[in-house]
S.K.: 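Structure in structure tokens, see below.
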Amino acid sequence: MTASALVLGAIALPATASWADAAQDGDQTTAGHEIAAALEHMEGGLVRDFAPSEIKDGQDGKTAQVGVSVEVSNDATDGVQISAGSFVLGIDLPHADAAIAGEDLPKGGVAYPSTMDSANAVIPVDGGAQLLTVIANDAAPERFDYGLTMPPENRLEETADGGAQIVDSTGEAVVIFEPAWARDSSGRSLPTHYSVQGNVLTQTVAHKSLSGISYPIVADPLPVVVIVITAAAAIVVAAAALGVATWIVISWWNTCRAQGKYPELSTRNGFTARCVR
């Protein structure tokens, strides 16, 4: 099965004069250009580069979708849909009912202005989508709920390292969320964690009760692509989705099949592979 890479995160924007003036007027709207500016000023590769949500195969003049596909609506309440082969994952965005119609980000993706002190942005990236929350000030919420819709044989669970994952009916991980982390603009680490209740993944960024916080705050786990190849025909798809040479994937296919197993390929800690049943 081909799985998607997901990045969940939160970015807090300092309460600038214009935001303070708006608050005094009773207008707490987080505008699209403010979301774009917050993302633009994040350094160190925290905000991923926009990438096409599909990989195309143009052989014989035909166009067929392979790899991972991301669907993003202008209506935040529609959420995000990520498809990879037969696996389809729907993601509800936090506090989407307060969002205004989506606006295109300058470098790709969609920003959702909001009437709250927090707002969302979605950027399709290689292997999935990056989901970001812009936190305007200390009046913003601390909980960000991502409701997940997935095939019935899959389930969401916490992991021992503080992350979370979606596993299929065999117990194999198809989507991995690495442990949450958060830092303010001075580089200070802030308390943040995941919790799971049913099919809802919640990231909590505990910023209200802390003193000396330097906004903006950035919280973002690392994305991981996990692909379990169960048919030889999936080799080219897996190689394209992972961005590695096809011969590497074929090599692992042969090694694992000789053991009566299947290869699991991952971008966790660089390209890795192991054999699973």
Side-chain angles (χ1 to χ4, degrees), residues 4-16 19 22-23 27-42 46-51 53 70-82 89-125 128-149 164 175 177 180-182 190 192 194-195 199-208 215-223:
S4 55
L6 301 181
V7 185
L8 302 184
I11 293 178
L13 191 67
T16 61
W19 287 50
D27 181 6
Q28 296 177 306
T29 299
T30 306
H33 67 88
E34 291 168 325
I35 299 170
L39 302 184
E40 179 69 22
H41 287 90
M42 291 297 103
L46 292 170
V47 177
R48 297 279 298 278
D49 293 333
F50 169 81
S53 61
V70 179
E71 296 182 18
V72 183
S73 170
N74 283 334
D75 185 343
T77 60
D78 289 340
V80 180
Q81 180 172 292
I82 298 178
L89 175 65
I91 308 172
D92 295 331
L93 299 177
H95 310 292
D97 54 351
I100 304 170
E103 301 177 7
D104 291 340
L105 288 167
K107 295 184 178 180
V110 180
Y112 297 98
S114 174
T115 58
M116 291 182 59
D117 294 299
S118 66
N120 296 294
V122 178
I123 304 175
V125 300
Q130 183 171 29
L131 312 178
L132 298 156
T133 298
V134 175
I135 301 173
N137 49 53
D138 59 5
E142 295 184 313
R143 290 174 52 92
F144 303 95
D145 296 334
Y146 296 88
L148 307 181
T149 304
V175 176
F177 303 91
W181 58 263
L190 304 180
T192 183
Y194 286 137
S195 57
N199 286 349
V200 178
L201 176 66
T202 298
Q203 182 174 9
T204 299
V205 183
H207 62 95
K208 291 179 177 290
Y215 291 89
I217 299 168
V218 177
D220 202 13
L222 296 176

S.K.: For a quick test of reading the model, state the closest non-hydrogen atom pair linking S114 to A119 and the distance between them.
M.R.: CB-CB, 3.8 Å
S.K.: Search all heavy atoms of A139 against all heavy atoms of D117 and return the closest pair with its distance.
M.R.: CB-OD2, 3.6 Å
S.K.: Taking atom OG1 of T77 and atom CG of D97, what is their separation to the nearest 0.5 Å?
M.R.: 9.0 Å
S.K.: Find the distance between CD1 (I91) and CG (L148) and round it off to the nearest 0.5 Å.
M.R.: 6.0 Å
S.K.: What heavy-atom pair brings M116 and H95 nearest, and what distance separates the two atoms?
M.R.: SD-CB, 3.6 Å
S.K.: Out of curiosity, T192 OG1 to L190 CG, how far, rounded to the nearest 0.5 Å?
M.R.: 8.5 Å
S.K.: To the nearest 0.5 Å, what is the distance between OG1 on T204 and CZ on R143?
M.R.: 5.0 Å
S.K.: Suppose the criterion is salt bridge (Lys or Arg N to Asp or Glu O under 4.0 Å): which pairs have a residue in residues 102-114, not counting sequence neighbours?
M.R.: E40-K107
S.K.: Taking all non-hydrogen atoms of both residues, which atom of G109 and which atom of F50 are closest, and how far apart?
M.R.: N-CD1, 3.7 Å
S.K.: Would you please name every residue forming a side chain to side chain contact (heavy atoms under 4.5 Å, CB included) with A101, sequence neighbours left out?
M.R.: none
S.K.: Which heavy atom in V110 sits nearest to a heavy atom in V72, and how many Å separate them?
M.R.: CG2-CG1, 3.7 Å
S.K.: Does the side chain of D75 pick up a donor-acceptor pair with the side chain of S73 at under 3.5 Å?
M.R.: no
S.K.: Could you state the interatomic distance from CD1 (I35) to CG (L105), rounded to the nearest 0.5 Å?
M.R.: 7.5 Å
S.K.: First locate atom CG of L93, then atom CG of L132, and finally report the distance between them rounded to the nearest 0.5 Å.
M.R.: 10.5 Å
S.K.: Quick one: which of V122, I100, V134 gives a side chain to side chain contact (heavy atoms under 4.5 Å, CB included) with Y112?
M.R.: V122
